[in-house]
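Single-structure report; data block below.
Side chains are part of it too, since the values below use all heavy atoms of this structure and drop only hydrogens, waters and symmetry mates. On a predicted model such as this, the values are computed, not experimentally measured, just so you know.
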Amino acid sequence: MLLLAAWGRRLLLAAARRPWPAVVSGSGYLQKALPCEYVVAGWTSYQSVPLNMEAVEMTSVSLKRPHSEDEVATNVDGIKRHKISGESSKTGNNSEQSIDTVTEQSGKPLVEDKKDDIILNEEGEEQDDELEESDEEGDPESFADMMKHGLTELDVGITKFVSSHKGFSGILKERYSDFVVHEIGKDGRISHLDDFSVPVDDEDPSEEIFTVLSNEDKQHLEELQLFKNKETSVAIEVIEDTKEKRTIIHQAVKSLFPGLETKTEDRDGKKYIIAYHAAGKKALANPRKHSWPKSRGSYCHFVLYKENKDTMDAINVLSKFLRVKPNIFSYMGTKDKRAITVQEIAVLRITAQRLAHLNKCLMNFKLGNFSYKNHPLKLGELQGNHFTVLLRNITGTDDQVQQAMHSLREIGFINYYGMQRFGTTAVPTYQVGRAILQNNWNEVMDLILKPRPGAEKGYLVKCREEWAKTKDPAAALKKLPVKRCVEGQLLRGLSKYGLKNIFSAFGIIPRNNRLMYIHSYQSYVWNNMVSKRIEEFGLKTVVGDLVLKGATAVHIEEADVDNYTIHDIVMPLPGFDVIYPRHKIGDAYKEMLVADNLDINNMRHKIRDYSLSGAYRKIIIRPQNVSWEVVAYDDPRIPLFNTDLDKLEGKPPPVLVTEGKFKALKMEFSLPPSTYATMAIREVLKMDTSIKNQTQLNTIWLR
């Protein structure tokens, strides 16, 4: 069942009064548009195929029996947020977003402003920034409206399976801790949080200085740091007024509470240390100028463990509390919000001691495994991610599970670009990308700004209506409280350059946001062509296929066919610097682009940014380090395995039952960059991951 965050509990109560289908979970990235917990119906009927690994076509869906009211009540408890334990504030970001976990290499750093640039999820996959904010209250009508619009997998070319097992149902991410991602570094090591200790350094303030603050002082300072009180400052009286004593208090406040600044004031003949937020003054100044030992590496590397925070959110919070610019942080890849993730971060000239103190006041992430090094981290340096995924309440038999997992390990899954790549509203991102490549700027403007069916933020609806009525960018812009979304940026550009210079107006949108659209079109073409390739030739290599030799693609000749397997075959994303298969799929590329009024032999755009060089992508990915087990449980609210933080805190492993009401499939696997984990889960469950299909299956009971 798909729940909208703002009114999910109301839906659950309604569900308790009428039958609703027991359904299978979908890919977590669907929460981008609908930030919530959900389960979706899986494929239980399929086209059987011989065991020669020919492709399987998606065909139909079977709904299961209704749940009881008791089960609904249990589910209400099950969707409560699992919080990271430890000293933390009760404030936090409750918005949720996608968990289409993906890794992608990128040669360019991400601008550290979530609204000003594309958002990259798991290792660089682009998210549609204009689709981020969708937590507004809805109602069953808007829910049903969303159901009627949007894309299905068929619309973006995702049509095939490569395994022959029968699909079964299960619930993905019934708890946050059911989906855990560990980054695999460039040295092949999996990042774990397993050490809170701080490297000994004579240059760091000693722990003794913190005794100058009373417990009451510390409490007031922590409340000030977390914006929990109305006061704008905290005054600490200097009892023994000496310069040394004042210096120690200054050091203690700044080290324990990195979000605060201090100054000395005279009040009624007494000296006070005044602590206050630097926000609004020079909060994001360069790192504090202080002595940095030459023998110490300039960068402090640490492992960031986070829950319900994407990487950019986490960096922005850390930078705020440390009073530094976000761009002094570096990392190998961004991680999504809807998971527990563990990754390495590097920061310029911030001590491990100062970072470690953040563990005492921040919620939803922990920092550890500190070390000093002479280099930052770079996007794309990672080897991939290791996933631990728990599919709860599975219905598959032991044989079905074994067949599915053996197939995933031995054959793999089709390396499709997942649904998130194409947006979640009624106007898919690839359509905008196609219009850009066609140099059709009127259509680009129309696709981004025109009214669209489906559930959307109220102010966006009003903005689009105003635009459709007046074509006045200034008037439409006034309807937007958030001006830094894509629509707001385009309207701002149109106000500046006018409707006759849409190209310049579009250029106001940050470069990576603009490129997101054309990359979406490339992905759309690639998905369709790979489905055609598998439909035409199955999983065998044929003359004219492409394989990589180093960074260069070459065609397979007759004499070499037997030297390659399906796991060696690549397909191109269209561009001016790629070659195409030398068989009917190569012709299909040309036909598809001709139908879109594009010339496959001239992918250079008159605007350099929109010239596509192309790339190659493997058509089948075989996960590494695949393991699995089926576990029984009675209570859906309990964790079924320990996280890194659980282990650090000494929590005993969950006690598993031999026989239980429910079964869960615990899967572990590693994926390389540019690979969607949800496409692997799709192959196991045999299901359509689109919002449109899932909402159709799960809102019947609302009618």
Side-chain angles (χ1 to χ4, degrees), residues 12 22 24-25 28 37-39 67-88 99 168-182 190-196 303 305-308 338-342 359 363-366 368 386-402 404-405 408-409 625-670 677 681 684-685:
L12 281 169
V24 122
S25 90
E37 298 284 351
Y38 62 91
V39 291
H67 283 298
S68 68
E69 291 189 22
D70 290 341
E71 287 171 299
V72 174
T74 298
N75 224 5
V76 172
D77 292 331
I79 66 172
K80 291 180 179 177
R81 231 173 232 96
H82 168 67
K83 296 293 185 186
I84 293 181
S85 59
E87 297 178 46
S88 63
I99 188 60
F168 54 90
S169 64
I171 303 173
L172 174 63
K173 286 192 313 87
E174 188 168 18
R175 297 170 56 91
Y176 282 115
S177 55
D178 288 350
F179 203 106
V180 180
V181 186
H182 289 89
I190 297 175
S191 293
H192 283 281
L193 181 75
D194 52 22
D195 185 6
F196 281 144
V303 169
Y305 172 105
K306 64 183 181 60
E307 174 190 327
N308 196 31
R338 289 278 305 159
I340 290 176
T341 67
V342 183
N359 286 329
M363 72 177 298
N364 287 340
F365 28 77
K366 295 291 183 182
H386 184 76
F387 301 89
T388 304
V389 179
L390 198 70
L391 300 176
R392 290 181 183 256
N393 198 19
I394 61 169
T395 61
T397 65
D398 289 344
D399 282 345
Q400 286 174 322
V401 171
Q402 294 300 317
M405 295 307 299
L408 182 67
R409 184 174 63 189
N625 307 314
V626 178
S627 64
W628 67 92
E629 64 175 322
V630 176
V631 296
Y633 65 102
D634 291 314
D635 187 349
R637 294 168 296 184
I638 64 170
L640 297 182
F641 62 89
N642 277 359
T643 65
D644 285 0
L645 188 60
D646 293 333
K647 295 172 185 175
L648 260 176
E649 294 178 341
K651 292 184 179 178
V655 178
L656 303 177
V657 297
T658 305
E659 298 289 336
K661 296 178 185 177
F662 312 107
K663 291 190 305 180
L665 171 59
K666 180 185 175 186
M667 311 163 54
E668 290 199 49
F669 53 88
S670 299
I681 296 168
V684 170
L685 295 176

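To the nearest 0.5 angstrom, Arg409 atom CZ is 9.0 Å from Ser627 atom OG. Atom CD of Glu668 and atom CD of Glu629 lie 8.5 Å apart (nearest 0.5 Å). Taking CZ of Phe179 as the start and OG1 of Thr341 as the end, the distance is 11.0 Å to the nearest 0.5 Å. Note: Lys666 NZ to Leu391 CG = 12.5 Å, rounded to the nearest 0.5 Å. Rounding to the nearest 0.5 Å gives a distance of 10.0 Å between CG of Asn359 and CZ of Phe365.
Nearest approach of Pro639 to Ser177, heavy atoms of both residues: CB-OG, 4.4 Å. The two residues Gly660 and Asp634 make their nearest non-hydrogen contact at CA-OD1, 3.2 Å. Scanning both residues, Gly170 and Leu685, for their nearest heavy atoms gives N-CD2, 4.5 Å. Taking every heavy atom of both residues into account, Ile340 and Thr643 meet most closely at CD1-CG2, 3.9 Å. Closest of all the heavy-atom pairs between Leu665 and Phe168 is CD2-CZ, 4.3 Å. Minimum heavy-atom separation, Asn642 to Lys647: O-CE, 3.8 Å.
Geometrically, Arg392 engages Tyr633 in a cation-pi contact defined by less than 6.0 Å to the ring centre and at most 45° from the axis.
Defined by atom type and a distance below 3.5 Å, a donor-acceptor pair is missing between the side-chain atoms of His182 and Ser191.
Residues Lys366 and Leu645 have side chains in contact (heavy-atom distance under 4.5 Å, counting atoms from C-beta outward). Considering only heavy atoms from C-beta on, Lys306 stays 4.5 Å or farther from Asn364 through its side chain. With a 4.5 Å cut-off on side-chain heavy atoms, Gln402 and Trp628 count as touching. The shortest side-chain heavy-atom distance between Phe641 and Val180 falls under the 4.5 Å cut-off.
With Lys663 as the fixed residue, the side-chain contact (heavy atoms from CB on, under 4.5 Å) test singles out one of Asp398, Thr397, Thr395: Asp398.
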